[in-house]
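Every number for a ligand or one of its atoms is a count from 1 in the order of the listing.
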Amino acid sequence: MKPGFQEWLECIACHARYDVLEIRYRCNCGDLLSVQRTPGWAEQLSPSLFDSRRTSRNELDQSGVWRFREGVLQTEPQHVVTHPEGSTRLYQRPALSTWADVPALHFKHEGENPTGSFKDRGMTVAATQARRVGARAVACASTGNTSASLAAYAAQAGMKALVFVPAGKISSGKMAQTLGYGAFCLQVRGDFDAAMALVQEVCQKLNVYLLNSINPFRVEGQKTIVWEMLQDLAWDAPDWIALPAGNLGNTSAFGKALLEAHQGGWIKKLPRLLAVQATGANPFFLSYQDGFRSTHRVTPETVASAIRIGNPVSHAKAVEAIQKTGGSVTQVSDEELMLAKREIDRAGIGCEPASACSLAGVRKLRQQGVIERDARVVCVLTGNMLKDPDATVSAAQMGTSVTAPEVEPRLSDVENVLARTLGL
Ligand code: F0G
């Protein structure tokens with residue numbers, strides 16, 4: 001990978017610059033940092049370059065992240081920690097289009113990544129950067145998906161992994177992954193926001209490299225969800241892209257990806273972003289409602305444990321993403337998001353509860369007339385159905401008379417049950 005453009009860290013507020021190899025997550029002024037590169041870089045790249053790599057056998061080209069490497073991170077190939085990841089599918093299902101009343105509705109399933117969520121896209125880049133800066137240990141706070149991903153990439157890279165999760169508040173599937181991949185996991189008596197504050201202190205004190213999305217290299221990787229989606233659509237941009245919003249790293253990444261793709265002329269128009277929060281964890285929605293004049297902090301509670309977050313770290317970047325794409329923010333109740341999840345599951349696609357916010361939000365904005373019926377819309381499904389089996393089973397039991405009854409191993413018993421339930 002020959003470096004073609006310069007890269008540096010830049011403050012999103014005062015635009016102070018720092019060396020790309022400096023370990024820091026905030027500017028001296030206190031604001032967030034983002035990775036920037038030589039002006040005009042995107043214009044010098046053509047989508048046909050990325051398209052040509054789709055049929056290549058090169059490992060970097062086969063990653064749906066490193067396929068876009070000129071706009072992600074320029075580094076020597078030996079530093080790259082890749083599974084590979086990405087190259088997820090884009091689905092259409094008539095039943096879901098009908099349910100949302102949006103005929104041209106697509107689903108980009110990020111649950112098809114190696115550890116079952118979109119986090120792998122950011123983690124391959126942040127783990128690579130960790131290797132570049134010589135980190136021996138990496139850490140994050142997590143509601144479960146970031147920790148699973150960090151654990152897997154740290155294992156591959158041979159680095160110590162330390163994760164902080166809210167005690168008793170992450171799903172069994174995510175906990176199993178985190179421990180199984182070999183991370184050291186501390187359960188913090190508090191919510192995600194408390195764990196997030198704690199991990200920042202720990203990283204500072206113990207010289208551990210922080211891999212939450214406050215780390216700007218995570219954002220660079222997550223941009224490729226959008227770029228690959230645009231590629232899937234032959235660079236014909238949709239009207240709306242909907243995603244669940246928690247700590248707001250992904251909303252920030254989507255905004256940056258769209259602005260860069262538009263600036264580079266890879267797409268002719270800028271899609272609008274729709275960030276969807278759960279009603280019980282809605283600080284970004286509250287802020288949107290007052291025109292982003294203030295930030296809010298809530299005590300989070302929602303069935304969608306992945307986004308049970310009350311004080312999102314990437315607020316400022318996400319505000320820019322919504323404003324610059326003419327986007328919108330909405331909230332959906334636990335009931336609404338679980339209904340949407342059931343539709344996605346029953347369509348044979350499946351996702352975890354938080355992911356279903358995207359469809360629930362699209363349906364809501366369609367009902368409100370904000371999204372037009374003839375709009376082309378992509379919902380991003382952020383996590384796999386198997387991430388939270390308990391939520392799926394309890395929801396199935398909640399909404400249907402058929403659960404999973406026990407029977408004696410006798411044909412007549414089976415016949416009786418099937419006659420009663422399925423009418424067979
Ligand atoms: N969907 C899923 C499945 C998630 O795991 C997350 C975040 C989000 C959506 C929201 O993305 O935070 O960038 O706004 N999960 C983090 C974690 C917090 O620790 O796994 P965001």
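Among all heavy-atom pairs drawn from Ala281 and Pro300, the shortest one is CB-CB, 4.0 Å. The shortest non-hydrogen separation linking Pro114 to Tyr153 is CG-OH, 4.2 Å.
For the pair Ser147 (side chain) and Gly144 (backbone), a donor-acceptor distance under 3.5 Å is present. Between the side chain of Trp41 and the backbone N or O of Glu7 there is no donor-acceptor pair closer than 3.5 Å.
Under the 4.0 angstrom criterion for non-hydrogen atoms, Ile309 is in contact with ligand 1. The closest approach between Ser117 and ligand 1 stays at or above 4.0 Å for every heavy atom of the residue. Within the 4.0 Å heavy-atom cutoff, Pro244 counts among the residues contacting ligand 1. Distances shorter than 4.0 angstrom do not occur between any heavy atom of Thr251 and any atom of ligand 1.
Taking any N or O of Ser355, backbone or side chain, none lies under 3.5 Å from an N or O belonging to ligand 1. At least one N/O-N/O distance between Gly246 and ligand 1 falls below 3.5 Å.
If you check which protein heavy atom lies closest to atom 5 (O) of ligand 1, you get Asn145 ND2, 2.8 Å. The protein atom (non-hydrogen) at minimum distance from atom 12 (O) of ligand 1 is Asn247 N, 2.8 Å. At the shortest separation from atom 1 (N) of ligand 1 among protein heavy atoms lies Thr382 OG1, 2.7 Å. The protein heavy atom nearest to atom 15 (N) of ligand 1 is Lys119 NZ, 3.0 Å. When only non-hydrogen protein atoms are considered, atom 20 (O) of ligand 1 lies nearest to Thr146 N, 2.8 Å. In terms of protein heavy-atom proximity, atom 11 (O) of ligand 1 is closest to Phe118 CZ, 3.6 Å. Closest protein heavy atom to atom 13 (O) of ligand 1: Asn250 N, 2.8 Å.
No donor-acceptor contact under 3.5 angstrom links the side chains of Lys119 and Ser213, judged on distance only. Of the N and O atoms on the side chains of Asp290 and His296, at least one donor lies less than 3.5 Å from an acceptor on the other residue. For Ser355 and Thr382, the side-chain atoms include at least one donor-acceptor pair closer than 3.5 Å.
Within ligand 1, the atoms closer than 4.0 Å to a non-hydrogen atom of Ser142 are 17 (C), 19 (O), 20 (O), numbered from 1 in the order shown. For ligand 1, the atoms sitting less than 4.0 Å from at least one non-hydrogen atom of Thr143 are 15 (N), 16 (C), 17 (C), 18 (C), 19 (O), 20 (O), numbered in the order shown with element in parentheses. Using a 4.0 Å cut-off to heavy atoms of Gly249, the atoms of ligand 1 that qualify are 13 (O), 14 (O), 21 (P). Under a 4.0 Å criterion applied to the non-hydrogen atoms of Ala245, ligand 1 contributes the atoms 14 (O).
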Review point. Are Ile309 and Asp193 close enough, and set up right, to give a side chain to side chain contact (heavy atoms under 4.5 Å, CB included), and what steps lead you there?
Key: CA-CA 6 Å; Ile309 295 171; Asp193 305 295; 3.5 Å; yes

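Between Phe50 and Trp266, the two ring planes are perpendicular [angle over 60°; tilted spans 30° to 60°].
If you look at Ile307 next to ligand 1, the close heavy atoms, those under 4.0 Å, all belong to the side chain. When non-hydrogen atoms are compared, ligand 1 lies under 4.0 Å from neither the backbone nor the side chain of Lys387. Both the backbone and the side chain of Ala306 come within contact range of ligand 1, each with a heavy atom under 4.0 Å.
The structure places CG of Asp236 at 4.0 Å from CZ of Arg376, a figure rounded to the nearest 0.5 Å. Atom CD1 of residue Ile12 and atom CG of residue Asp31 lie 4.5 Å apart, to the nearest 0.5 angstrom.
Aromatic rings from Phe217 and Tyr25 are positioned such that their centres are separated by 6.0 Å or more.
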